[in-house]
Each structure stands twice: as C-alpha cells, then as structure tokens.
Protein chains: 2
Amino acid sequence: MEAKKQLHSTFSIDCVIFGFDGERIKVLLIERGEEPYKNFIAVPGDLVEENEDLEPAANRILKSLTGLEDIFMEQLYTFGKVDRHPLGRIITVAYYALVNIDTFNPKASSFARKIDWWAIDELPELAFDHNAILAKAIERLRWMANMQPIGLELLPEKFTLSQLRRLYEAILGIELDKRNFRRKITKMDFLIPLDEKQINVAHKAARYYSFNKEKYAQLKEEGKAF
Amino acid sequence: MEAKKQLHSTFSIDCVIFGFDGERIKVLLIERGEEPYKNFIAVPGDLVEENEDLEPAANRILKSLTGLEDIFMEQLYTFGKVDRHPLGRIITVAYYALVNIDTFNPKASSFARKIDWWAIDELPELAFDHNAILAKAIERLRWMANMQPIGLELLPEKFTLSQLRRLYEAILGIELDKRNFRRKITKMDFLIPLDEKQINVAHKAARYYSFNKEKYAQLKEEGKAF
C-alpha cells in the first residue's frame, strides 16, 4: 500500500467547439506549435493541473489556446487507448460546446500557432486520436438533433425556418423535405413566430422565428417521448 | 520536456449495473473489504492497469469483483474532483449497463466482501464520490427512458404492458396513467403482441408482448424526433 499513497493522474482535456456558418457545421481547431504532433491540426487541449477540477480546467485550457471564455461545455466522452499519446499513458476527457460563430472571435495563443474553423466534412488528419474524438462529437451532435431541439446556441437570435432546416441538414448530413420539416418543427412548439419578416430579399420574404427558451430547455431536459 | 517523457495516468473505472426486480430499479453494490473506505458500500470499481484499454479494463474489473461477464457496458461520465480519492488525484471513468436481474448471479470476490442489489431510492452513504456517480447514472437512465425505448435488457423475454409500465414508473419515479401509457407505447411500434396470455392469474389474463429488436435498435439509435 505504501506505493499507492501518492497516486496521481496525468490526464488531459480536449475541447470540441462547434459552430454553424449558415451552410455547414464547423469545428474550431488549432495548429500545434509544440511537440508532440508539432505542426499538426488538433482539437484545443492540454494537460490538467494537479489541483484543478475538470470544468475549471476545461475553461482554462480553452481560453489559453483560443481566447474563448464563458462558454458552457458539456462532457462528451473519455478516450483512453493505451497508445493514444506518444509520451505515455494519458487519457483525455473530451468536452464540447455549440457556439454562435459570429459572436466569438478566437485568437491563437500559448502553443496554438494558428486557429481556424474547419468544416466537419473536410477534416485533415489530426493529432493524437483527435479524429476519433471529433467522430464521437459529431455522432453526439446528430443524436442530439434527433432527440432534442437544437439550434439555440448555433443560430442568431432570430432566424427563418429555412435557416433552421439548413442547420438540421448540415448536422444530419441529409436533405430534408421542406414542407415536412415545417410541419414537424412548428408542431413541436418551441418556436415563436415573430411579426418581423426578411427585408431586401429577392424571393418572397420569410418570417423570422425565435426560440421559446423555456419550452426549449424543458424539451431538452425531458426529451420528446413521454 | 524531459520530465514529460514518461507521463502516466493512474485512474480507475467504476461499473454501475442496474437491474429491475419487477417493482424497483436496483443497482449492484459491493462492500469493500480493503482501505480506503473499508467496510463502505461502493460501486464495483478498481484501478486500471498500465496497458489496458478502457473497455477491457471495465470488463476485467466487473468480473473480478462480481463474477459478472459478457455484459456490454457503456461509458457514463468521468468524475475528477481533486479531492475525490483519499490517496491522491485519481479520476474515475464510470461505465453502466442494464441487466436482467434473474439471469445473473453475482458473487463477491477480490476485495469485495459482500455484494447486493440495492434499490436506487434507498441508497446508503457510499464510498468515494459514488453517490454522485449513481445520481448521474440514474439521471442518464431517466433521460434514456424519455428519449428512447427502454426495457430490452431489464425485462424478461416476454412481458405484459403492466410490467413495462411498472418499469417506466420505477425509472421515472412517477405514476403513469394506464390507458395513456398503453396508447402511447403501442403507437411507438417497437412492441410485438404475442398470442400468449398470462395463466393462473386472479385478474383478467393479460397479453404478453416482446420487443421488436430491429425496430427497438433503430429507435434507440435514431431517437424519435426526425
């Protein structure tokens, strides 16, 4: 037992930040300026300090590499393959968040040399097991879009049903029937139709909607079945 | 960088195993025969070996403490509060599974001195942060019952709608209206009504159902919204 007295986990946290540019789902990735995987594109992530709880560590790491703060991240999954890190056994806890791409202005810092939004259907070969982490994150995003309302964090405050449909299409990777989508989504009762319509558009001006945040949160928590 | 060459995570895995006894949701807990938390009731869990991937480790640990094998566990959540373990910084990855309580016969071994099914609404004070782990697992179970079909692993091969309703009631912790439940659940199209009915019952014999496993799996994957 003596040897066990000062047990210590060296582990990391990786932060998957998704955004939507109106057409595609994007993810915020850095170019690493340090070994291991120097020059590789990677999910922003780093080692957790000895005295840090997970959520504060996730926020510190995201801020130090990207400048982003005040972003609520949820835990995604923990990745722990024995050979995932060249420097030893380091498991990593992945977190994720959805953000409005127009509201945040990420800046590379610390060992991040560059930072960019990458379309999730055009990802390069990433550092570590980060392709697997993103695959899991995208799977979670799809699953959420099937189970719960989605879009509050990703869309502007007011949006058209076409914008919302394009978001679902981008997440699910399929084309949705316009009329069917409109019928189903308006029935779900978390959208508020606004009096305002688009202006200066070539086509027929579409109505703007916003989310009923209370109903949205309720559906998100309770799901849609019972 | 030299100091980083042999990084090492000491971390544990805890296995939350849920069962249903026809009335209540139960969870499989051990009594620890070793420090730390000797004599405390705990979720079966242990340290992961240096060269073990997560899923094999989860299976080895569950088997060594409870004798259960061939159980598919899913990752639940990782718990990493700085002070969660008295011997140092040890994060733990929690896994969970739902099992048929009649099919498995757990036996305490290794440092597990006793093993029992505990009702989730009558839990004692547990070792480490295991009350928090179970709270999260129960939350996940409720969430799943709202989002997806549930019961395949928890119920016998054939069951009545009353049994299925009692399962939902036990998970959700609420009473469900019988007629409403019957209407909603049969509409969801993952149940197969059998020709067989109950025998030797005092009340009107109820029909047995089984799960349409294909449809069940499909709904589980896709959810119920779009």
Side-chain angles (χ1 to χ4, degrees), chain A residues 1 4-13 34-36 47-57 75-94 142-150 168 172 174 176 180-181 184-185 188 219 221-226, chain B residues 1 4-13 34-36 47-57 75-94 142-150 168 172 174 176 180-181 184-185 188 219 221-226:
Chain A
M1 288 297 286
K4 284 194 178 177
K5 282 250 162 89
Q6 276 309 316
L7 293 174
H8 178 61
S9 294
T10 302
F11 66 101
S12 62
I13 283 183
E34 255 183 30
E35 295 294 349
L47 297 181
V48 174
E49 306 283 349
E50 181 100 31
N51 287 306
E52 248 179 341
D53 284 336
L54 301 189
E55 281 75 13
Q75 202 184 99
L76 171 67
Y77 203 80
T78 295
F79 296 80
K81 271 213 178 309
V82 169
D83 61 358
R84 65 171 297 281
H85 197 296
L87 299 182
R89 181 80 196 260
I90 305 179
I91 66 172
T92 193
V93 186
R142 295 208 165 120
W143 199 82
M144 282 171 55
N146 274 323
M147 300 285 181
Q148 309 173 337
I150 205 163
Y168 272 94
L172 300 174
I174 53 172
L176 294 167
N180 237 332
F181 177 81
K184 277 190 172 180
I185 203 93
M188 284 197 312
L219 278 172
E221 200 182 318
E222 293 174 8
K224 293 163 186 162
F226 276 96
Chain B
M1 287 299 286
K4 284 194 178 178
K5 281 247 162 91
Q6 276 310 317
L7 293 175
H8 178 61
S9 294
T10 302
F11 66 101
S12 62
I13 283 183
E34 254 182 31
E35 296 293 350
L47 297 180
V48 174
E49 306 282 349
E50 181 100 29
N51 287 308
E52 248 180 340
D53 284 337
L54 302 189
E55 280 77 13
Q75 202 184 98
L76 171 68
Y77 202 80
T78 295
F79 296 79
K81 272 213 180 308
V82 169
D83 62 357
R84 65 171 296 282
H85 197 295
L87 299 182
R89 180 79 196 261
I90 304 179
I91 66 171
T92 194
V93 186
R142 294 209 166 119
W143 198 83
M144 281 170 55
N146 274 323
M147 300 285 182
Q148 308 174 337
I150 205 163
Y168 271 94
L172 300 174
I174 52 172
L176 293 167
N180 237 333
F181 177 80
K184 277 191 173 178
I185 203 91
M188 284 197 312
L219 277 172
E221 200 183 318
E222 293 174 7
K224 294 162 183 162
F226 276 97

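Every chain is numbered from 1 and lettered A, B, ... according to where its sequence line falls, protein lines coming before strand lines.
Counting heavy-atom pairs closer than 4.5 Å to chain A, the top residue among B:V48, B:D83, B:N51, B:L76 is B:N51. Among A:R84, A:K81, A:R142, the residue with the largest count of heavy-atom pairs under 4.5 Å with chain B is A:K81.
With contacts defined as side-chain heavy-atom distances shorter than 4.5 Å, the pair A:I91/B:T78 does not qualify.
From B:R89, atom CZ reaches atom CZ of A:F11 across 4.0 Å, with rounding to the nearest 0.5 Å.
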